[in-house]
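Each remark here refers to the structure printed beneath this line.
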Amino acid sequence: MTHMASGWIQDDDLPTWAHTALLMIVVSPFALLLIWPGSRAVATGVLLPMMGPEFGQWMFGHQELRGHHAVLAGWVLISLGVTFFALGASFSRWAQERLLMRTLPWVLLIFDLVFYSYVLQVVKP
């Protein structure tokens, strides 16, 4: 380890598996905060207004969604969570050599925005 002057391990000194694991740990809170309520909505057909700084209310309003609307909204949340994981993976060393892995999060984000727009039209009265 040649970069130990600061006392911290540098990015280049980490093994590839550790670098990738740290990337996934960094994006996990953001991704899981979307995937968890989304998967519950798909499984149960109910999406309660999400807690927090009115994030869920901003996305789908403050009413509870049920049935088909909840499932659609749940899939939007799951897709956004997967996009966060793809974004983290796109910064991995493995993705540096693969154009698909570097562009995938942006393609998913465009898909998410289109899908979200569709779901908003269906869900909002």
Side-chain angles (χ1 to χ4, degrees):
M1 295 189 189
T2 59
H3 304 288
M4 289 299 290
S6 68
W8 293 94
I9 296 175
Q10 298 296 314
D11 182 49
D12 295 336
D13 295 332
L14 290 172
T16 300
W17 68 267
H19 182 263
T20 304
L22 285 174
L23 287 171
M24 293 299 108
I25 288 170
V26 167
V27 298
S28 288
F30 304 103
L32 294 176
L33 284 173
L34 295 167
I35 291 172
W36 179 253
S39 59
R40 283 187 24 211
V42 169
T44 64
V46 176
L47 179 64
L48 300 172
M50 291 187 280
M51 304 303 275
E54 299 191 23
F55 176 69
Q57 293 175 3
W58 175 77
M59 288 190 74
F60 302 111
H62 12 273
Q63 78 276 6
E64 176 180 292
L65 299 179
R66 293 191 159 274
H68 183 67
H69 291 170
V71 172
L72 278 175
W75 281 115
V76 168
L77 294 173
I78 291 169
S79 182
L80 285 168
V82 168
T83 300
F84 270 108
F85 279 124
L87 185 61
S90 73
F91 286 97
S92 70
R93 293 177 187 155
W94 184 76
Q96 289 175 354
E97 304 162 358
R98 291 164 179 81
L99 180 63
L100 176 66
M101 285 302 297
R102 290 191 318 267
T103 57
L104 181 64
W106 309 112
V107 171
L108 286 174
L109 184 61
I110 292 168
F111 168 78
D112 290 340
L113 292 174
V114 171
F115 187 33
Y116 172 65
S117 296
Y118 165 74
V119 170
L120 262 186
Q121 290 178 357
V122 172
V123 169
K124 294 279 181 167

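These values consider heavy atoms only, across backbone and side chains, with no hydrogens, waters or symmetry-generated copies.
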Is it the case that one hydrophobic cluster holds both Ile110 and Leu87, taking links as side-chain heavy atoms less than 4.5 Å apart, direct or via other members?
no
Side chain proximity check, Ser28 to Phe85, heavy atoms < 4.5 angstrom
yes
Could you report the tightest heavy-atom contact between Ala86 and Pro105, atom names first, then the distance?
O-CG, 3.4 Å
Could you see if Met101 belongs to whatever hydrophobic cluster contains Val107? Use Ile, Leu, Val, Met, Phe, Trp, Tyr and a side-chain cutoff under 4.5 Å.
no
Going from OG1 on Thr83 to CD1 on Ile78, what distance comes out if it is rounded to the nearest 0.5 angstrom?
11.5 Å
Point-to-point distance, once rounded to the nearest 0.5 Å, from CG of Asp112 to CG of Leu34:
9.5 Å
Is the shortest side-chain heavy-atom distance between Leu77 and Ile35 below 4.5 Å?
no
Is the backbone of Thr16 close enough, under 3.5 Å, to the side chain of Thr20 for a donor and an acceptor to pair up by distance?
yes
Taking atom CZ of Phe115 and atom CG of Leu72, what is their separation to the nearest 0.5 Å?
5.5 Å
Minimum heavy-atom distance between Pro49 and Glu64, given as atom pair plus value
CD-CA, 4.0 Å
Nearest 0.5 Å, please: how far is OG in Ser90 from CG in Leu100?
11.0 Å
Measuring from atom CZ of Phe84 to atom CE of Met24, what distance do you get when rounded to the nearest 0.5 angstrom?
12.0 Å
Closer than 3.5 angstrom, by distance alone: can the side chain of Arg66 be matched with the main-chain N or O of Leu47 as a donor-acceptor pair?
no
CG of Leu104 to CG of Leu108, rounded to nearest 0.5 Å, is 4.0 Å
Working for side-chain contact (heavy atoms from CB on, under 4.5 Å), residues Phe111 and Tyr116:
CA-CA 8 Å; Phe111 168 78; Tyr116 172 65; over 6 Å; no
Mind checking whether Tyr118 and Val76 sit in one hydrophobic cluster, side chains of I, L, V, M, F, W, Y counted as touching below 4.5 Å?
yes
Are Leu32 and Val27 connected into the same hydrophobic cluster when the rule is that any two of I, L, V, M, F, W, Y join if their side-chain heavy atoms are below 4.5 Å apart?
yes
Over all atoms of both residues, closest heavy-atom pair of Gly74 and Ala41
CA-CB, 3.9 Å
List the atom of Arg102, the atom of Gln96, and the distance in Å for their closest heavy-atom pair.
NH1-O, 2.7 Å
Do Val42 and Val122 belong to the same hydrophobic cluster, where Ile, Leu, Val, Met, Phe, Trp and Tyr are linked whenever their side-chain heavy atoms lie under 4.5 Å apart, directly or via other members?
yes
